[in-house]
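Not measured: the values here are computed from a predicted model. Just follow the structure's listing: the first ligand is 1, and inside any ligand the first atom is 1.
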Amino acid sequence: MENIWKKNSWRNYPISQQPIYDDKNLVKKIEEEIEKLPPLVFADEVRKLKKKLANVAAGKAFLLQGGDCAESFSDFSANNLRDSFKVLLQMSAILTYASSLPVVKVGRMAGQFAKPRSENLELKDGVKLPSYRGDIINDIVFDEGGRKPDPRRMLKAYSQSAFTLNLLRAFATGGLADLEKVHKWNLDFVKQSTKSRFLEIANGISKALDFMKACGLDNKNNSKFGQVDFFTSHEALLLNYEECLTRTDSFMGGWFDCSAHMLWIGERTRKLDEAHVEFMRGIENPIGVKIGPKTENQYLIDLINKLNPKNEPGRITLITRMGAQNLSENLPRLIEEINKNKKIVIWSCDPMHANTYKSNNGYKTRSFDKIAEEIEVFFSIHKKQGTFPGGIHLEITGQNVTECVGGEQKIREENLSDRYHTHCDPRLNANQGVELAFKISEFLKTN
Ligand code: PEP
Ligand code: CO
């Protein structure tokens, strides 16, 4: 029998990856302030996402989750946000066409501010300071003041999340979501591409749009065609913040973490008897869990029993992040275990986090080819196992950054310094994202 869950029961458990605040009274004061602020998302929206994810679990839709590794206070701008939203929509149009399935769109946005770190301390020129843990906790600037955790940052993260959501809601219902416009951006991409296969896919989409238009199914006749459902997500790492935004649904009951529609638990904080799993088991939101190659079969079943005892569809998304080689060695056994225990899950692929390396000129980077390879392996394993490859989870931005090498743009290590802006891990840029969507279309065709 589990202990009774409360939104603060996580405080009775060991916890990893948290800041140590000096001024405990200030933390309490900020928490009380956030408790009084309105929810950022609403229970009904969360339930809507869960229904859509239940369709993904049943193989009737595909999940596209993506955005910054770490959102930052300094890079926040309407244009950056617009461009990231835009690239996710472009990818989604390609994937919808290729899979003939609706694509559930979930941003790593409006709250992705807290980062787990492998090292507690960072060493630079002989000076050791606490690692940067995301803008909700401390500053990326390497000095003593900057790296001190400051609870007031939680308020700023809340405000920026509210501004972000306001824009995302406007983009999702305003002109940006018009399918014809989105397709035009993809045609612009294809014009620069050397791959004739991409042009074939794009022409197919053009024909499908023309057909829909001829049937009267377009923006002019039906306002739904200019709108999309767009959801938000982040890693539920800083539990002080998550607790303050956890509210009961006054109509239907249940506890919802209203900081985002979907929350995930990272690879470093998902121990069965620790605080993060305790917190997550009590909220109603859809939950992602990052799964590395060392994940044991029995652990995975125990974790799911804890987080989803009723085996509710749409509740659990298992996000594998292993690298192509480890994925082929470990995903089959995990799939078999899940099937044997009749657990309903979404299988999603994060091809980013096991493919990070340091370039010769000292940048943390990832190779486009390795990212594509991990996704290809993911699709082919699911085909062999007869299971559904439900989604992908990416670190991506709409800005024209040079953070990941490769792709048709042929970004090389010596180009990384041109526009390397990330606050944490390297992201795909807009062109690399669209190119990846076209590549995935090909995997979908062959799988
Ligand atoms: C992340 O998604 O940014 C992250 C830190 O992932 P993981 O927990 O899988 O390392
Ligand atoms: Co990351």
Does the separation of the ring centres of [X] and [Y] fall below 6.0 angstrom?
X: F230; Y: F171; result: no
X: W264; Y: H234; result: no
X: F113; Y: Y241; result: no

How wide is the angle at the Co ion (ligand 2) between OE2 of E395 and OD2 of D425, to the nearest 10°?
->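 If I round to 10°, I get 140°.
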Closest by any non-hydrogen atom to atom 4 (C) of ligand 1: pick that one out of M322, H393, Q65, H353.
-> H353
Short list, please: which atoms of ligand 1 are under 4.0 Å from a heavy atom of [X]?
X: R321; answer: 7 (P), 9 (O), 10 (O)
X: R108; answer: 1 (C), 2 (O), 3 (O)
X: G266; answer: 8 (O)
X: E395; answer: 1 (C), 2 (O), 3 (O)

Taking the inter-plane angle between the rings of F62 and F388 on a 0 to 90° scale, is it parallel (under 30°), tilted (30 to 60°) or perpendicular (over 60°)?
-> perpendicular
Mind checking whether F231 and H261 have parallel, tilted or perpendicular rings, split at 30° and 60°?
-> perpendicular
The Co ion (ligand 2) to nearest N/O/S of H353 below 2.8 Å = yes
Considering only non-hydrogen protein atoms, determine which one is nearest to atom 3 (O) of ligand 1 and report residue, atom name and distance to 0.1 Å.
->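 So the nearest neighbour among protein heavy atoms is K115 NZ, 2.7 Å.
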Identity and separation of the nearest protein heavy atom to atom 5 (C) of ligand 1 | P116 CG, 3.6 Å
Any N/O of [X] closer than 3.5 Å to an N/O of ligand 1?
X: E267; value: yes
X: D425; value: no
X: K290; value: yes
X: E235; value: no

Could you pull out the closest heavy-atom pair between Q409 and N429, with the gap in Å?
-> OE1-ND2, 2.8 Å
May I ask you to identify, for C424, whether its side chain, its backbone, both or neither come under 4.0 Å of ligand 1 on a heavy-atom basis?
-> neither
Is ligand 1 under 4.0 Å from a heavy atom in the side chain of M352, in the backbone, in both, or in neither?
->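 Neither; nothing of M352 gets under 4.0 Å from ligand 1.
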For the pair W347 (side chain) and T387 (backbone), establish whether a donor and an acceptor sit closer than 3.5 Å, ignoring hydrogens and angles.
->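 No: the side chain of W347 does not pair with the backbone of T387.
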Do D68 and R427 meet the salt-bridge criterion of a basic N to acidic O distance under 4.0 Å?
-> yes
Only one of C404, P351, C424, C69 passes side chain to side chain contact (heavy atoms under 4.5 Å, CB included) with E395, and that residue is C69
Between E243 and W10, is any side-chain donor less than 3.5 angstrom from a side-chain acceptor?
-> yes
